[in-house]
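Within every chain, numbering begins at 1; the chains are lettered A, B, ... in the order of the sequence lines, protein sequences first and strands thereafter. These values consider heavy atoms only, across backbone and side chains, with no hydrogens, waters or symmetry-generated copies.
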Amino acid sequence: MRHDPAARIIQKKTWGDFHLLRLESQALSSEAAPGQFLMVRTTDGYDPLLRRPISLHDAGGIGLEIFFRVAGRGTALLAAKKEGDILDCLGPLGKGFRLDGFGPDKTAWLVGGGRGIAPLFFLARTLLSKGAGVRVFYGGKTVSEIPLREKFESAGILLDCSTDDGSFGFAGLVTTLLEHELRAGRPDGFFACGPDPMMERAGRLALRLGLPAQLSLEAIMGCGFGVCWSCVHRIKKDNEGAWRKICEDGPVFGADEILWEEA
Amino acid sequence: MRHDPAARIIQKKTWGDFHLLRLESQALSSEAAPGQFLMVRTTDGYDPLLRRPISLHDAGGIGLEIFFRVAGRGTALLAAKKEGDILDCLGPLGKGFRLDGFGPDKTAWLVGGGRGIAPLFFLARTLLSKGAGVRVFYGGKTVSEIPLREKFESAGILLDCSTDDGSFGFAGLVTTLLEHELRAGRPDGFFACGPDPMMERAGRLALRLGLPAQLSLEAIMGCGFGVCWSCVHRIKKDNEGAWRKICEDGPVFGADEILWEEA
Amino acid sequence: MADLRADLGFLQLRNPVLTASGTFGYGMEFLSFLDLSAIGGIVVKGLYYGPREGNPPPRLVETASGLINAIGLPGVGVEHFAADVLPELRKHDATVIVNVCGDGDEEYFQVIEFLNRYDGIAAYELNISCPNVKLNGACPAMNPHMTRTIVATAKQRSRRPLVVKLSPNVTNIAEIARAAEDGGADGISLINTLLAMAVDLETRRPKLGNVFGGLSGPAIKPVALRMTYQVAQAVRIPIIGMGGICTGRDALEFMLVGARAVQVGTANFVDPAASVRIVHEIAEYCDARGIARVADIVGTLETNR
Amino acid sequence: MADLRADLGFLQLRNPVLTASGTFGYGMEFLSFLDLSAIGGIVVKGLYYGPREGNPPPRLVETASGLINAIGLPGVGVEHFAADVLPELRKHDATVIVNVCGDGDEEYFQVIEFLNRYDGIAAYELNISCPNVKLNGACPAMNPHMTRTIVATAKQRSRRPLVVKLSPNVTNIAEIARAAEDGGADGISLINTLLAMAVDLETRRPKLGNVFGGLSGPAIKPVALRMTYQVAQAVRIPIIGMGGICTGRDALEFMLVGARAVQVGTANFVDPAASVRIVHEIAEYCDARGIARVADIVGTLETNR
Ligand SMILES: Cc1cc2nc3c(=O)[nH]c(=O)nc-3n(C[C@H](O)[C@H](O)[C@H](O)COP(=O)(O)OP(=O)(O)OC[C@H]3O[C@@H](n4cnc5c(N)ncnc54)[C@H](O)[C@@H]3O)c2cc1C
Ligand SMILES: Cc1cc2nc3c(=O)[nH]c(=O)nc-3n(C[C@H](O)[C@H](O)[C@H](O)COP(=O)(O)OP(=O)(O)OC[C@H]3O[C@@H](n4cnc5c(N)ncnc54)[C@H](O)[C@@H]3O)c2cc1C
Ligand SMILES: Cc1cc2nc3c(=O)[nH]c(=O)nc-3n(C[C@H](O)[C@H](O)[C@H](O)COP(=O)(O)O)c2cc1C
Ligand SMILES: Cc1cc2nc3c(=O)[nH]c(=O)nc-3n(C[C@H](O)[C@H](O)[C@H](O)COP(=O)(O)O)c2cc1C
Ligand code: FES
Ligand code: FES
């Protein structure tokens, strides 16, 4: 975990509300692993006060990438940054995905909804480089919400898309598409990132099928490095459901560790 | 007094800490007079919360100019704006300089220190267009603090410069230069803008010589349009020194109206 | 369009957005930005009986997302107000609430009795946070007993509805609100500013001529909202909430916790048309969600408590 | 370089910058950002006697220039702290102050008596703002009598210096500070968070699982500075000021109004090295102005009062 007060933006791409920034930072990229995240300052002033958690979309050499969607004021300020501007970042934070066992003879399915696709590019690249088979399921409300299609494809990553409104690919939720495909075949495990309801659906599906799954959770984060205790989620441990910190113990948890509140 | 939430920056020039922005705004420029000012928002967020008062440096057609020096966070945010960005401005505000009587047979001397030069360009142009004789005294701590020399000269305005350190023009305070020149000749009045101590010196000089003088004062302004009562200064009225609002009754006052606190 | 009317019981407003005392002058200053009849009403600058000069400058300092003011309630006094200001306000069809000040209880009553004789005032707002110079700067708002006493007499002397404006600088805001209700208040407004201070490291002096001042603006909204909620749980009379309101959503949050109307203060300095913009934003919010009457939102916060 | 030492009477600090309870964990979390011996000391997370889970999420919400937390003091309890955390802290040569919590007076005393037996604690900070569940959430900090009582007994049971941490949610902070002094406190620290609230307009529910929470950060600095000044005028024991401190200048402002040391809270979240950066900024400030000892600034504010 390092603090780079001046990671330089060297490239920027925009698709509507979605933005991809390529940053240059030796400090941040050298220790980066898929599933980890940065805490990014969005202004020099005090409003908004807190940093924002943003996943590592990719990392390698001295470069790293973030991919985000404008959700409110902080991400809007981030979106207003230009090439050449600098970002104040802490990272890499969190534990990331556990990739042990995913070698040449294994297949992993990656499921991302909306901005939840962000960490899956780095993950897919890493799994591929370990020789594992990778298939990515990428969903959004409509076609404009799945802007990274070409990026995955040109990286040679097998991609299935879904849109809720059917404007591209499978018509329906990406978890429904996943369920559908699971009838035809089984991976050795899957990895998912997206909004809470999607994580819950994906997690319950994994448990039902007895399939190992790792889910990346979100929470409001005060610090990102384990001191404020704001980001807790009920996690099973020693058969008890304790509040665990998503920023430090996660953000990735096994589907079997997460306790969902009863509705 | 109008509100233009989106005056566009069409040109920007920078000299170190000093910046000149040319804005496009029909609403603001149509009623503008020399000595008036704008209240400019420096961020969309709440920190800094208040607008900043900035003089009209020039105005004409649908264009207007502001000239400012970075003094703190608000002006630093202003300085970070780029061509094409928009500014949220209220204005024109205040009463400005009283020019009645300054026609072809009259001479006016204009005295500006540091950022206090800002309103004097618009004033000089306006006086010249009324046929009056104009001479501008422009002072700063050092040569880099008097960046508008060429601008005044290329507009055909007679200019005398001073620097405290003698790096350009007269060596000493601009008020000392003025005093000096007043021994050689007398204008029909003078106009001054600068920090409080300079205004006090200029004001006392005017009174001693019995010369009409108009001084533009500064104060911390909450609103700029007369409602918060934060910007008061002691002003003589009916032989009493009442607190008057600089934003509404000024910022320009006659040297004989201003009461300086005894040290 | 949604029905925006706000029913304060003692007063019906076109919509729930008023302007807060001391941040909207006597109203006239805003005529180039808005139509005074487009907002719920205006609470004019605090009025003492006689004219007052206010505090020595500096009177204002900006802080993170807020400002501290130590203006010190300069004003024209009741005579000038009644003779010159009120008739103008009536021409503009504004609903006018007068913020009543006093240095000691008696002056409050004098202001009320003087103004009782003039038309065009919808209600009084008793500013019980005014420092009492004889009591070393203490104000009635600090103490339930003092609050109850002054409210009871003010109510008796007033021929108009009486709103009592509370100070946030207290341990137990609900207790003060109940004291005001017991004293006979027709409504409660809150919060006034948080007592605050700023210093200049270079001169080693306070940044305000008066040393202390009152903090307002977005910075205080979380405290204001909490107190509005607590008071709404404690009294039955209508509540007018304020403190850092800058947007329609801010205003609706105060209504959600129990305010029937709101006041917009510091935001008027940043955006002179803030109050009328907030009216529009409230309407848009309701329309987008099919809420027929904004009053239906009042006090609908769900907690598991 | 300027002499940065801070003399609290009962405790000598390398420099006046401590970290505030609840914002710095047990210190270890920051080892990748700073050296614990480079700051004046650390006040660890509030400790109850036993381990505690804290409040249901959401536990934090951001506000204008601040945040509201309703973490609810989760923690490991005294046994685990003494056995596992303290030895680690001692290795890092940190000056450790323990923030003592309790649900009811007795628990505070239990924590103190338990910890009395362990070395490596420089002082206790009595967090008298903990809600007492039996008293309907009231806390000792709300009332001078309760403050005096709990402080007197805590002091008696403690074999270490006792700092009492005050809540800002009171009418008269000077009175509470005097009660703590009368009770035998060795020092006062202030302010804890301002009681606050945030609501979600769409779900019509509070934004915090606990409904209420505490406001901290730059937004509250003007209130914190005012209270620190008032307390400095009221008591003779040393004061540790806090509330929104983010820079060396902020810290020096608290010293100017009378604090001998300061605590850095929320700023640690935004900049994990904030506390040590602030130490450097204080040194730079003094050096640039030829101030030989930072202690010479303490309480030098000039007012005309
Ligand atoms: C570990 C982690 C990794 C993330 N990675 C990415 C990423 O790679 N790309 C991306 O686009 N987004 C990512 N997010 C979500 C992102 O952090 C939020 O969208 C962002 O913080 C919102 O800030 P804002 O100021 O724009 O919105 P705000 O105005 O603060 O809030 C807008 C809305 O978002 C909700 N929100 C605020 N903070 C969070 C949060 N931390 N998590 C979830 N919801 C929140 C608010 O409750 C509100 O409804 C990640 C979140 C976490 C916890
Ligand atoms: C009528 C008027 C016209 C002005 N015109 C110009 C102009 O054309 N060009 C220009 O460069 N500046 C002008 N100023 C000054 C300008 O408004 C301030 O420099 C600016 O507000 C400082 O804001 P900041 O956020 O950068 O600094 P802050 O961080 O707010 O303050 C930095 C320093 O400036 C002081 N200061 C803050 N506000 C004011 C203020 N309103 N007046 C004087 N000092 C202040 C503070 O006390 C502090 O010492 C004018 C001021 C007034 C009142
Ligand atoms: C400059 C200024 C002057 C004020 N004058 C008064 C006043 O005369 N009477 C009063 O009751 N409140 C006065 N207030 C308090 C406001 O009416 C309001 O209660 C407070 O500012 C909180 O609201 P806000 O955050 O929206 O500004 C004043 C506030 C400011 C900022
Ligand atoms: C997340 C969080 C947790 C806190 N926990 C404690 C605590 O355990 N004990 C305590 O006395 N104060 C606690 N506080 C209050 C801080 O120590 C401090 O008094 C307050 O935040 C004001 O300082 P700041 O504005 O610098 O944060 C906590 C504050 C925050 C933000
Ligand atoms: S975000 Fe602070 S502990 Fe997780
Ligand atoms: S700045 Fe508000 S009255 Fe002058």
Choice from [options] maximising heavy atom contacts with chain C below 4.5 Å:
| options | value |
| --- | --- |
| D:Gln230, D:Met227, D:Met255, D:Arg289 | D:Arg289 |
| D:Leu301, D:Ile297, D:Asn143 | D:Leu301 |
| D:Leu252, D:Leu195, D:Asp200 | D:Leu195 |
| D:Ala224, D:Pro218, D:Ser167, D:Pro206 | D:Pro206 |
| D:Ile68, D:Ile220, D:Val223 | D:Val223 |

Problem set entry | Point-to-point distance, once rounded to the nearest 0.5 Å, from CG of C:Leu194 to CZ of D:Arg226 |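 CZ of D:Arg226 is found 7.5 Å from CG of C:Leu194.
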
Answer with side chain, backbone, both or neither: which region of [X] has an atom nearer than 4.5 Å to a non-hydrogen atom of chain D?
| X | result |
| --- | --- |
| C:Leu215 | side chain |
| C:Val257 | side chain |
| C:Thr63 | side chain |
| C:Leu256 | side chain |

For this session: For side-chain contact (heavy atoms from CB on, under 4.5 Å), just list the numbers for C:Thr171 and D:Asn169, CA-CA rounded to whole Å, side-chain angles, deciding distance to a tenth of an Å, and then say yes or no.
Result: CA-CA 5 Å; C:Thr171 309; D:Asn169 303 300; over 6 Å; no

Exercise. So does C:Arg5 have more than 12 non-hydrogen atoms from other groups sitting under 6.0 Å from CZ?
Worked result: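 Open: at most 12 neighbouring heavy atoms sit under 6.0 Å from CZ of C:Arg5.
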
For this session: Determine the minimum heavy-atom distance between D:Tyr285 and C:Leu201, stating which atoms define it.
Result: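 Residues D:Tyr285 and C:Leu201, closest heavy atoms: OH-O, 3.3 Å.
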
Problem set entry | Best-contacting candidate, C:Met142, C:Lys221, C:Met197, against chain D by heavy atom pairs under 4.5 angstrom |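 Sorted descending by pairs with chain D, the first entry is C:Met197.
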
For this session: May I ask you to decide whether D:Arg204 forms a salt bridge with C:Glu253, counting only side-chain N to carboxylate O separations under 4.0 Å?
Result: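 No, no charged N to carboxylate O under 4.0 Å.
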
